[in-house]
Amino acid sequence: MIQLRGTRFLRSLLLSLLCVLLVGGIGKAQEKSVLTVAVEPVFAPFEFRAPSGEIQGFDVDLIRAVGQAAGFGVEFRNITFDGIIPSLQAGTVDAAVAAMTITEARSQAVSFSRPYFRAGLAIAVRSGTQGIKTLDDLKGKSIAVHIGTTGATTAKGIPGAKIRTFDAAVLALQELRNGNVDAVIEDSPVTLYAIKTGSLKGIEVVGNLLTEEFYGIPLPLNSANLPRVNQGLTTILQNGTYAQIYQKWFAAQPPQLPDSAFANAQKTQTTPAGSLSVILNALPTLLKGTLITLQLAVVSVFLGLIGGSLIGVARLSAIKPVQWAARAYIDFFRGTPLLVQIFMIYFGLPPLFQAIGLSFTFDRFIAAIVALSCNSAAYVAEIVRGGIQSIETGQFEAAQSLGLNPVQTLRYVILPQAFRRMLPPLGNQFITLLKDTSLVAVIGFEELFRQGQLIQAENYRPFELYATVSLIYLALTLLSSQGFGFLERKMNPARRDKAKKV
Ligand code: ARG
């Protein structure tokens with residue numbers, strides 16, 4: 001009886017869940033009472049986390065006030081800046097507050113509210129840097145920018161500039177502080193705020209503002225919520241709430257805002273490019289990235305193989321401290337995420353060395369190779385150890401009785417046999433490494449994945465780009481497993497013996 005009631009309860013629970021989902025789905029087309037709003041909370045003072053973990057900032061206060069004025073609630077969702085427009089296009093969020101500049105290109109992909117903030121780009125340099133004040137001075141210099149921002153677009157227009165793209169404004173500024181680039185182009189209020197609050201030392205903003213930009217709230221194209229958001233904005237601009245929020249975060253009176261971001265508000269509507277032409281246009285750049293991915297993978301696998309073999313043998317050493325050291329190395333590199341290791345090596349080590357008075361910066365390629373090879377060496381070491389241990393002890397004894405010393409035993413008897421057994425896991429390791437190279441995109445490395453991200457940040461065609469990027473990775477991994485399969489067949493003694501017998 002109890003069981004029966006349980007099933008009935010379960011059934012009605014499922015049914016009501018289905019209803020909620022359905023109603024939720026239908027509700028999408030209509031005006032919602034709570035809007036899901038994307039934020040990237042690493043852009044103080046517009047959106048950032050309080051020490052308590054709560055999201056705060058100018059944009060956060062603003063959208064809450066807009067919601068109050070227009071009668072909707074707000075639920076925040078964390079999304080990286082370059083993911084915001086794709087999420088709006090996919091309809092997974094209803095709006096975003098991200099200090100996003102209203103631009104012509106973006107207006108093709110999303111609908112913007114009326115402007116809510118006046119800002120501009122500024123050049124930041126290390127304090128005391130001479131000779132950089134204008135865009136002209138940046139010719140041929142190295143510049144760090146945040147992916148998909150107006151700062152990145154502006155930097156791209158500077159002749160001869162070497163540009164490094166990072167996932168967040170703070171990472172670009174850190175790159176400047178670590179001495180790896182000459183300048184950062186970023187929204188002036190953000191850099192100024194970081195300097196004022198002391199979270200960024202040794203950096204200064206130089207020259208005049210490079211641009212005048214207006215931030216808007218982006219919504220999906222022609223969203224039903226757009227009129228409400230605009231009406232809410234107009235209300236708070238008129239009733240003084242806007243000025244209050246402005247005063248709170250910038251300790252100043254707000255400047256006058258225009259009704260529209262473009263002076264002669266004629267929006268040129270172009271028809272979107274077809275998928276094939278998006279892919280074909282992106283292909284040359286993606287292939288350039290593929291070349292770098294291959295370079296990274298081949299060099300790291302080579303170094304990882306050498307390092308890993310040494311560590312694998314050390315792991316079997318009779319000398320205890322050597323064994324422990326090898327063990328500790330493997331545990332560390334296998335037990336911590338590669339992504340954290342990359343951040344640690346690239347962003348963490350330079351300040352550490354600088355703190356003890358050594359001027360030390362990392363070339364990105366070297367940093368990427370170091371991280372990937374150190375990580376892969378740990379896995380290779382275990383493969384090598386397993387391979388050697390899989391050889392029967394009789395073989396060691398036989399070699400000894402032939403008068404071979406330990407090194408000769410390893411070289412002529414054990415390793416040739418062990419290597420054949422190590423091949424399949426080594427093949428796996430290579431494929432893993434090939435895919436893991438995509439992680440070094442976080443240090444601004446323009447390999448295959450980052451090239452795709454960069455193009456996507458300009459044309460807002462995530463599906464075509466990431467599908468092409470995946471297919472290229474797939475082609476690379478399929479080719480390498482073919483290669484390893486061939487090697488395995490070649491080294492298979494059973495096959496060779498059969499050939500001899502015939
Ligand atoms: N205003 C600049 C742009 O729209 C930078 C915005 C970056 N915003 C952020 N939440 N990280 O391109």
Side-chain angles (χ1 to χ4, degrees), residues 296-338 341 369-437 476-502:
L296 277 174
V298 169
V299 177
S300 318
V301 91
F302 179 71
L303 294 178
L305 214 56
I306 297 178
S309 307
L310 293 178
I311 298 165
V313 173
R315 176 91 166 68
L316 295 171
S317 162
I319 310 164
K320 281 278 179 242
V322 173
Q323 205 185 33
W324 291 332
R327 179 80 214 236
Y329 179 93
I330 295 169
D331 281 345
F332 178 78
F333 280 98
R334 237 179 23 167
T336 53
L338 177 55
Q341 291 163 17
I369 293 282
V370 168
L372 289 170
S373 344
C374 283
N375 185 273
S376 128
Y379 288 92
V380 171
E382 282 299 90
I383 297 173
V384 169
R385 177 184 66 84
I388 293 176
Q389 281 181 333
S390 74
I391 305 296
E392 301 73 23
T393 37
Q395 301 265 337
F396 289 88
E397 289 159 7
Q400 240 167 22
S401 62
L402 283 175
L404 297 183
N405 68 27
V407 177
Q408 287 171 325
T409 309
L410 215 57
R411 163 89 178 73
Y412 296 109
V413 181
I414 308 301
L415 281 185
Q417 304 180 65
F419 188 64
R420 194 171 62 80
R421 298 193 186 168
M422 291 182 314
L423 257 183
L426 280 180
N428 271 344
Q429 178 52 29
F430 180 72
I431 288 176
T432 306
L433 185 73
L434 197 70
K435 294 182 296 177
D436 280 352
T437 53
L476 292 182
T477 50
L478 285 180
L479 267 177
S480 19
S481 56
Q482 285 287 324
F484 273 92
F486 174 76
L487 262 182
E488 267 175 51
R489 281 195 301 279
K490 268 214 96 102
M491 298 190 63
N492 185 349
R495 228 177 123 249
R496 269 186 315 209
D497 290 350
K498 222 190 270 162
K500 254 185 237 155
K501 262 185 220 141
V502 178

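A heavy-atom distance below 4.5 Å is not found between the side chains of Thr432 and Tyr379. Annotation: side chain of Leu434 is not in contact with side chain of Leu296 (no heavy-atom distance under 4.5 Å). At a threshold of 4.5 Å between non-hydrogen side-chain atoms, the residues Val413 and Leu402 do not count as touching. With contacts defined as side-chain heavy-atom distances shorter than 4.5 Å, the pair Leu426/Leu305 qualifies. Considering only heavy atoms from C-beta on, Tyr329 comes within 4.5 Å of Cys374 through its side chain. When side chains are defined from C-beta on, Arg420 counts as touching Asn492, because their heavy atoms get closer than 4.5 Å. At a threshold of 4.5 Å between non-hydrogen side-chain atoms, the residues Phe419 and Ile388 do not count as touching.
With no hydrogens or angles considered, a side-chain donor-acceptor pair links Thr336 and Gln341 at under 3.5 Å. Side-chain contact check for Arg385 and Gln389: at least one donor-acceptor pair (N or O, by modelled atom type) lies under 3.5 Å.
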Audit row: Arg421, Ile391, side chain to side chain contact (heavy atoms under 4.5 Å, CB included) steps and yes/no: CA-CA 9 Å; Arg421 298 193 186 168; Ile391 305 296; 4.1 Å; yes
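A distance of 9.0 Å separates CG in Leu404 from OH in Tyr412, rounded to the nearest 0.5 Å. Leu433 contributes atom CG, which lies 5.0 Å from atom OG of Ser376 (distance to the nearest 0.5 angstrom). With rounding to the nearest 0.5 angstrom, the CG atom of Asp436 is 12.0 Å from the CD1 atom of Ile431. Atom CZ of Phe430 and atom CG of Leu476 lie 8.5 Å apart (nearest 0.5 Å). Distance CZ/Phe333 to OG/Ser373: 10.0 Å, rounded to 0.5 Å. In this structure, the separation between CD on Gln429 and CZ on Phe484 is 9.5 Å, given to the nearest 0.5 Å.
Of all the heavy atoms in Ala326 and Ile311, the pair that sits closest is CB-O, 3.7 Å. Closest approach of Val380 and Ser309 over heavy atoms only: CG1-N, 4.3 Å. Minimum heavy-atom separation, Ala378 to Arg334: CB-N, 4.3 Å. Heavy-atom minimum distance, Ala377 versus Gly307: CB-C, 4.2 Å.
With hydrogens and angles ignored, the 3.5 Å screen pairs no side-chain donor or acceptor of Gln395 with any backbone N or O of Glu392. A distance-only check finds no donor-acceptor pair linking the side chain of Asn375 to the backbone of Leu338 [under 3.5 Å].
We find that Arg315 and Glu382 are joined by a salt bridge, their nearest charged nitrogen and carboxylate oxygen being less than 4.0 Å apart.
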